[in-house]
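Working notes for the structure below.
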Amino acid sequence: MKILHVITSLRTGGAEKLMTQLLPRLRDAGIDAEIAVFDGIATKFLGALRRAGITVYRLGEPNSFVYNPMLISKLSQLMSRYDIVHTHNTSPQFFAAVAAKFMRRKPILVTTEHNTDNRRRNNRLGRAADRWMYSRYDLVIAITKEVESCLLDHLNGSSINTTVICNGIDTKQFMSPIKQLTPDGPRTIVMVGAFREQKDQDTLIRAMCHLPERFRLRLVGGDARLGNCIELAANLGLADRVTFDGLRTDIPAVLEQADYVCMSTHYEGLSLAVVEGMCSGRPLIASDVRGVKDLVSGAGILFPEGNDHALAEAIMRLDSDPELYHTTALAGRERGLQYDISNMVDGYINAYNSLMSKG
């Protein structure tokens, strides 16, 4: 069985990181899995895949336009070599569907839906394009039941074949002892996430204004909105209390140094950063939004989206109650362990085998 995964790039992000975990495990299971990227920029994730022995095809130049129609021809030539083509993100999803329409030998098409929302869902043209695009796929994998439900609502009754396979992480990498706080000691809050419109680091930065001086914030990640957040921290007089760590490959070590893990966001699919935080043995505080609340409810603390006062209050409530701190961290650990990557890999392999058996 030969499978080609196609993704926009291997920059920072949950779906991108997932490729570095998934593809080597598929290969270890006897599946010939390779990957193609539209933006050919060299990244740590790309390097990690190549070091693991995974073939990476860079269809575009570094920082190239990922909606360039010329990519369709390149992708079509590559797709003809595979039994299954599995796409992620909008431009690969759409271009693979277009390419397959004109191929003499059409591979089985699979795509993974990673989010509960996106900009296309807010306009009529986007909805029409999506109804056509998803109808071309033999299987659409949603990473949670909520993601599946949101997609089906968006497609308004279009007939597509869907299944739910939850994303996962290598939970063993993130297992450290439950933190024991020192009363009135220094505190470190960590958020791991790309600086994109979807994320809401701004609220977490503003929350620092309501927390004692002994609290420090570490923001891990990069992307377009990083400069905006650096400017916000400086304008609020927080430059000495907020650290921007950039892209890191040692996330387990970063989380082990934290006292609290936060995910401030506007929406998610299934946030791997949330799962990592829960496994780390630290309390998880997250926005009460789609794609997060079902994952965190009963295993962490939820705060209203964009409410920096409520976020700060949630942190101080945990900080003043050692028993609540411990039970919240323990509940998060138990929830996070349910999302081990081995379950996801088994689900993908079963789905691929089922599609191949049908022809």
Side-chain angles (χ1 to χ4, degrees), residues 10-22 43-45 48 88 112 114-117 143-144 146-147 166-176 188-205 217-223 225-226 229 243-297 299-303 305 311 328-329 332-333 335-341 344:
L10 286 168
R11 297 172 183 267
T12 181
E16 293 82 357
K17 182 177 181 179
L18 188 67
M19 296 298 99
T20 69
Q21 301 286 315
L22 173 64
T43 66
K44 293 179 180 179
F45 289 162
H88 309 262
T112 295
H114 289 277
N115 266 311
T116 53
D117 201 1
I143 64 171
T144 67
E146 186 174 17
V147 168
C166 293
N167 282 353
I169 65 169
D170 184 351
T171 56
K172 297 183 184 67
Q173 290 185 2
F174 296 89
M175 297 286 285
S176 55
T188 299
I189 305 165
V190 169
M191 175 172 165
V192 179
F195 286 80
R196 298 172 182 165
E197 293 295 332
Q198 174 184 346
K199 298 296 191 288
D200 185 22
Q201 287 93 345
D202 308 58
T203 293
L204 183 51
I205 294 170
L217 172 62
R218 294 179 67 180
L219 295 172
V220 179
D223 221 317
R225 296 197 65 257
L226 175 58
C229 290
T243 301
F244 295 88
D245 279 13
L247 303 179
R248 301 286 293 257
T249 57
D250 59 342
I251 300 302
V254 172
L255 295 178
E256 189 172 6
Q257 296 164 14
D259 300 297
Y260 299 94
V261 179
C262 185
M263 175 53 70
S264 181
T265 185
H266 298 298
Y267 64 89
E268 295 289 324
L270 193 164
S271 171
L272 296 181
V274 166
V275 177
E276 292 168 358
M278 290 194 293
C279 286
S280 72
R282 278 71 181 144
L284 192 285
I285 306 105
S287 305
D288 188 2
V289 297
R290 287 186 301 179
V292 174
K293 59 185 175 182
D294 288 345
L295 178 60
V296 174
S297 181
I301 304 296
L302 293 167
F303 69 92
E305 178 186 3
L311 172 53
T328 302
R333 162 76 50 82
R335 180 71 57 79
L337 288 174
Q338 298 175 18
Y339 293 90
D340 190 83
I341 194 169
M344 183 191 73

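- The closest donor-acceptor contact from the side chain of K199 to the backbone of R225 lies at 3.5 Å or more, if one exists at all.
- Shown here are the side chain to side chain contact (heavy atoms under 4.5 Å, CB included) partners of D340, two or more places apart in sequence or in another chain: T171, S342, N343.
- The backbone N or O of T43 lies less than 3.5 Å from no partner atom in the side chain of R11, so there is not a single donor-acceptor pair.
- Applying the ring-ring contact (aromatic ring centres under 6.0 Å, His included) test to H114 and every residue at least two apart in sequence or in another chain returns H88.
- Between L204 and L217 there is a side-chain heavy-atom pair separated by less than 4.5 Å.
- With sequence neighbours excluded, the residues forming a side chain to side chain contact (heavy atoms under 4.5 Å, CB included) with S287 are S264, T265, V289, F303, listed by chain and number.
- In this view, Y260 and Y325 satisfy the ring-ring contact (aromatic ring centres under 6.0 Å, His included) rule, not counting sequence neighbours.
- Using a 4.5 Å heavy-atom cutoff, the side chains of M263 and M191 are in contact.
- With hydrogens and angles ignored, the 3.5 Å screen pairs a side-chain donor or acceptor of Q201 with a backbone N or O of G193.
- A donor-acceptor contact shorter than 3.5 Å links the side chain of S176 to the backbone of S280.
- Checked by atom type, the side-chain pair Q173/E276 shows no donor-acceptor distance below 3.5 Å.
- With sequence neighbours left out, T20 forms a side-chain hydrogen bond (donor to acceptor under 3.5 Å, both in side chains) with no residue at all.
- Side chain of Q198 to main chain of Y267: a donor-acceptor pair is present (N/O by atom type, distance under 3.5 Å, no hydrogens or angles).
- Side-chain contact between F174 and I251 is present, with at least one heavy-atom pair separated by less than 4.5 Å.
- Residues satisfying the side chain to side chain contact (heavy atoms under 4.5 Å, CB included) criterion with T188, sequence neighbours excluded, are V190, R218, D259.
- Judged purely by atom type and a 3.5 angstrom limit, R282 uses its side chain to pair as donor or acceptor with the backbone of E256.
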